[in-house]
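Data block below; observations after.
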Number of protein chains: 2
Amino acid sequence: MTSTEGPRTMRPTRQRTAVVEAMTSFGDFRSAQDIHDLLGRGSTPVGLATVYRTLNALVESGEVDMLRTEDGEAIYRRCSAAHHHHLVCRSCGATVEVEGPAVERWTQAIADEHGFADVSHTLEIFGTCSSCRVR
Amino acid sequence: MTSTEGPRTMRPTRQRTAVVEAMTSFGDFRSAQDIHDLLGRGSTPVGLATVYRTLNALVESGEVDMLRTEDGEAIYRRCSAAHHHHLVCRSCGATVEVEGPAVERWTQAIADEHGFADVSHTLEIFGTCSSCRVR
DNA sequence: TTTCATGCAAATTGTTTGCAAATCG
DNA sequence: CGATTTGCAAACAATTTGCATGAAA
């Protein structure tokens with residue numbers, strides 16, 4: 001079970017830095033492939049496998065948050081970014097970021113109540129925005 | 001955009017029934033592959049592709065709930081009528097159904113506030129259940 | 001120089017699709 | 001019969017892994 005052992009240290013390489021900076025530059029969730037593409041276009045191309053390895057390491061070390069999109073793709077976000085949710089228009093895709101202290105508290109409470117620790121959650125709201133209703 | 005059109009009716013075939021019954025027999029989340037294996041052992045083998053197609057259809061029609069496990073696998077469960085959310089253990093996968101009138105109201109309010117109509121939402125809570133913490 | 005990280009390409013895994021044969025209405 | 005569904009295998013997409021090479025310590 002100790003087969004998956006890895007080094008305890010993480011070398012500050014050029015590509016590792018590039019990934020971290022990319023993650024820092026945009027605060028929201030992106031897929032590994034997005035990040036790879038982004039870096040590829042820039043002046044610091046990084047191999048896709050490396051992007052994956054780096055992101056996994058960052059998740060492991062708690063510096064990055066990972067969650068799954070509806071179709072199973074992993075998306076990552078720098079952890080420190082303020083936690084918020086999205087209100088998405090089904091029709092045009094417009095997105096509004098919303099915060100919900102109440103929801104945060106509620107989920108925490110529910111989890112406590114059932115003896116769950118180390119709580120996190122995902123919440124997305126879908127609807128039809130006013131512009132799309134009019135036309 | 002109408003390319004993915006399908007028939008509006010769903011024929012009650014032997015395999016479709018088998019899948020639905022399997023879903024009914026156990027109340028918790030199972031992967032498509034689990035269901036396929038299960039049926040394969042029994043007297044009513046159903047092709048894996050068919051299991052997937054059937055499950056997708058059921059999710060589409062709202063008879064089945066689908067969510068993603070930490071590693072991106074889709075898991076399905078027959079869904080009870082009432083709208084509810086899930087509290088899922090990251091480690092062992094145990095799930096608790098929770099209701100959240102407050103959340104329902106909150107999402108509605110947020111949507112209204114931004115001029116969105118026809119609102120729906122998804123919310124999943126993740127954590128580590130007490131049994132898994134103990135060990 | 002020794003160890004860890006990178007890149008590439010090949011290997012895996014979960015899921016979807018094309019198409020001929022079986023089945024339902 | 002005619003339209004839909006099934007099964008199988010091939011196609012796919014996201015992610016991981018093996019291995020030789022390059023860069024830190």
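In what follows, every chain begins at residue 1, and chains take the letters A, B, ... in the order their sequences are listed. We use all heavy atoms of the structure for the numbers below, so side chains are in, but hydrogens, waters and symmetry mates are not. Remember, predicted model here, so these are calculated numbers, not experimental data.
Between B:Ile75 and B:Pro12, the one whose closest nucleotide on DNA chain C sits nearer the 5' end is B:Ile75. Comparing A:Ala49 and B:Pro45 against DNA chain D, the residue whose closest nucleotide sits nearer the 5' end is B:Pro45. Projected onto DNA chain C by closest heavy-atom contact, A:Thr50 and B:Ala32 fall at different nucleotides, the more 5' of which corresponds to A:Thr50.
Closest to the side chain of A:Tyr52, from the set C:dT6, D:dG7, D:dT16, is D:dT16. When distances run from any side-chain atom of B:Arg11 to the nucleotides D:dT5, D:dG7, C:dT15, the shortest one goes to D:dT5. Of the candidate nucleotides D:dG7, C:dT16, D:dT4, D:dG7 has the atom nearest to the side chain of B:Arg14. Listed nucleotides C:dT6, D:dA14, D:dT6 differ in distance to A:Gln33; the shortest reach to its side chain belongs to D:dA14.
Panel note: side chain B:Arg68, backbone A:Glu70; a donor-acceptor pair is recorded below 3.5 Å.
Atom pair A:Glu70:CD and C:dT15:P shows a separation of 13 Å (rounding to whole Å applied). If you take CG of A:Leu55 and C1' of C:dA5, they are 15 Å apart, rounded to a whole angstrom. Here D:dT5 presents its P atom at 9 Å from CE of B:Met10, a figure rounded to the nearest Å. Between the CD atom of A:Glu73 and the P atom of D:dA13 there is a distance of 12 Å, rounded to whole Å. Rounding to whole angstrom units, CG of residue A:Asp34 and P of D:dT15 are separated by 10 Å. For B:Leu67 and C:dG14, the CG to C1' distance is 16 Å, given to the nearest whole Å. Rounded to an integer number of Å, the gap from CE of B:Met66 to C1' of C:dT16 is 12 Å. To the nearest angstrom, P of C:dG14 lies 14 Å from CD1 of B:Ile35.
Applying side chain to side chain donor-acceptor pair (under 3.5 Å) to A:His85 and the options A:Glu97, A:Glu124, A:His121, A:Glu99 leaves one that passes, A:His121. Partner of B:Leu39 under the side-chain contact (heavy atoms from CB on, under 4.5 Å) criterion, out of B:Leu48, B:Val19, B:Thr50: B:Val19 alone.
Remark: the B:Gln108 side chain and the B:Asp112 side chain contain an N/O donor-acceptor pair separated by less than 3.5 Å.
Residue A:Arg16 places none of its side-chain N or O atoms closer than 4.0 Å to OP1 or OP2 of C:dC4. Dashed line: the shortest gap from a side-chain N or O of A:Gln15 to OP1 or OP2 of C:dG7 is under 4.0 Å. The shortest distance between the side-chain N/O atoms of A:Asn56 and the OP1/OP2 oxygens of D:dT15 is not below 4.0 Å. Within the 4.0 Å cut-off from OP1 or OP2 of D:dA23, not a single side-chain nitrogen or oxygen of A:Thr13 is found. Put simply, A:Ser31 has no side-chain N or O that comes within less than 4.0 Å of OP1 or OP2 on D:dA14.
The 12-atom threshold is exceeded at CD of B:Glu113, counting heavy atoms of other residues, nucleotides or ligands nearer than 6.0 Å.
Between B:Met66 and B:Leu55, every side-chain heavy-atom pair lies at or beyond the 4.5 Å cut-off.
Heavy atoms of B:Arg53 sit under 4.0 angstrom from at least one base atom.
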